[in-house]
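A quick write-up on the structure given underneath.
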Number of protein chains: 2
Amino acid sequence: MRPRNLEKEAAIRTMALQIIADEGLENLSMQKLAKAANVSPRTIYIKYENKEDFLVKLFIEEVLETYEQAIVKNFSPDMDFAEGMKKTWLNAFQYLKNNKPAFALIRYGKSSPLLNKAYQQKGIKQGDYFSPIHYFLKRNIDAGIIKDFPQDVLRALLYPPLLELVSEYFDYEERPEQIITEDVILQCCEVVTKGILK
Amino acid sequence: MRPRNLEKEAAIRTMALQIIADEGLENLSMQKLAKAANVSPRTIYIKYENKEDFLVKLFIEEVLETYEQAIVKNFSPDMDFAEGMKKTWLNAFQYLKNNKPAFALIRYGKSSPLLNKAYQQKGIKQGDYFSPIHYFLKRNIDAGIIKDFPQDVLRALLYPPLLELVSEYFDYEERPEQIITEDVILQCCEVVTKGILK
DNA sequence: AAGATAAGTAAATGTTTATTTACTTAAAAA
DNA sequence: TTTTTAAGTAAATAAACATTTACTTATCTT
């Protein structure tokens, strides 16, 4: 038996994310990807059944799961509400601003029917995707600290502004007047937090 | 001279939006589109230089400009802040939930480098995209009613949750437990409004 | 009514696509 | 060391792609 070359596997995923970030998902082809990763097209098909399978695994394993871990680093569901919000917001901001290609694919996750379906199925499978956050929100609802909305609705209120701010961070990237600083992120986190408090 | 057949032109745009909503932007091909619109591929190329040109015009003219108009219907920048927020939120919600294909392309606008670039250029050209809302926000900052953030940051705080709720509306579509009702939208609007008040 | 002209079509262009075939190579097991 | 086996490659396949060519048609102008 011959063992898999893990470096090549990593190169394939890294190059795929880069192409998606630079040219868009609609311009990622398997041949372009193979060439960019310095690999034969066949090599990709050893691990992945087809293009859809590759994209779904790239999205779920390489992006969502990594993002999930980054968000809850040093976070505990027992934290004070404002404290927990700050922690998750800063974690997400740091991760995303340093992983532009991952961020690009996350945005596609809300657009592409394929990725969106994969995302929903994963959510259903695990019961709960970001479960420490689920517990965190539930605890604060039960304690009467924040308003009582379904989990989905709560997340829609608490996190999408951050993703939009990250988009703006990249829009202003390399321009001297960068307005999306960590400080602005913290102020925005306070705004969002204030809104949901009872 | 022979005049353009406006019905065919409309059919092309309508079918394009439908294909994008059903199969994703990455699965829209000019030949598939021509067949779906019952038109020769050449017909598309009479009005549009190439695929990129078509997509950009579809996005800007068919989706963004229509969306902009819908949002500010019966809205006046001189409205009370909470009132104006409610009006724009409800307008956007009604428009998007009744125009799923437009919504699908709006989401791609934040993902695809091509569309994102087109969007930014349009923003720059007009100085200001949703300008009644620009004035509305500026007036409320100056009056000390809401917190003073740059326009971009304000919009990131005030509108992305609504788009996320519309996504969830469609996720729950046709399921009996639809949780995203107009009433929930209004409650969420209040949450967002409360956060930004001084 | 005739001619001019742009809108329209069907079919073809050459290219790129996802995926496969036929072959080679590296290393684990014998 | 030899055999086995999956990992890997380069080149090929057939289908789908964006766009064009060569031709037809509808209607405005005269």
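First the proteins, then the strands, lettered A, B, ... as listed; each starts at 1. Keep in mind that what you see is a predicted model, and the values were worked out from it rather than measured.
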Next on the checklist: For DNA chain C, which residues of residues 14-25 of chain A approach it to below 4.0 angstrom with any heavy atom?
Outcome noted: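 Close to the strand, none.
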Checklist entry - Which residues, if any, of residues 35-56 of chain A bring a heavy atom under 4.0 Å of DNA chain C? => result A/P41, A/R42, A/Y45, A/N50, A/K51
Expressed as a whole number of angstroms, how long is the span from [X]:[atom1] to [N]:[atom2]?
X     : N      : atom1 : atom2 : result
B/L6  : C/dA7  : CG    : P     : 11 Å
B/K8  : D/dT25 : NZ    : P     : 13 Å
A/Q31 : D/dA11 : CD    : P     : 13 Å
A/E26 : D/dA16 : CD    : C1'   : 17 Å
A/L33 : C/dT17 : CG    : P     : 11 Å
B/E7  : C/dG8  : CD    : P     : 11 Å
B/N5  : C/dA6  : CG    : P     : 18 Å

Checklist entry - Is a side-chain N or O of A/K110 found less than 3.5 angstrom from the main chain of A/L115, in a donor-acceptor match? => result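 No; zero donor-acceptor contacts below 3.5 Å.
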Checklist entry - Do any side-chain nitrogens or oxygens of B/S29 fall under 4.0 Å of OP1 or OP2 in D/dA16? => result no
Check this for me, if you would: do [X] and [Y] make a salt bridge, where the nitrogen-to-carboxylate-oxygen distance has to be below 4.0 angstrom?
X     : Y      : result
B/K97 : B/E173 : no
A/E9  : A/K47  : yes
B/R13 : B/E61  : yes
A/K51 : B/E26  : no

Item to check | Validation row, ring centre A/F103 to ring centre A/Y67 under 6.0 Å | outcome: no
Next on the checklist: Less than 6.0 angstrom separating the ring centers of A/F54 and A/Y45, yes or no?
Outcome noted: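 No, they do not, as the ring centres are separated by 6.0 Å or more.
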Checklist entry - Touch check for A/K32, heavy atoms < 4.0 angstrom, all strands: base, sugar-phosphate only, or nothing? => result nothing
Next on the checklist: Within the 4.0 Å heavy-atom criterion, would you say A/L28 contacts the bases, only the backbone, or no part of the nucleic acid?
Outcome noted: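 Sugar-phosphate, backbone atoms only, no base.
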Checklist entry - B/A156: what forms a side chain to side chain contact (heavy atoms under 4.5 Å, CB included) with it, not counting sequence neighbours? => result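 Applying side chain to side chain contact (heavy atoms under 4.5 Å, CB included) to B/A156 gives A/E164, A/L165, A/E168.
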Checklist entry - Under 30°, 30 to 60°, or over 60°: which ring-plane class applies to B/Y169 and B/F93, parallel, tilted or perpendicular? => result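 Because their plane-to-plane angle is over 60°, the rings of B/Y169 and B/F93 count as perpendicular.
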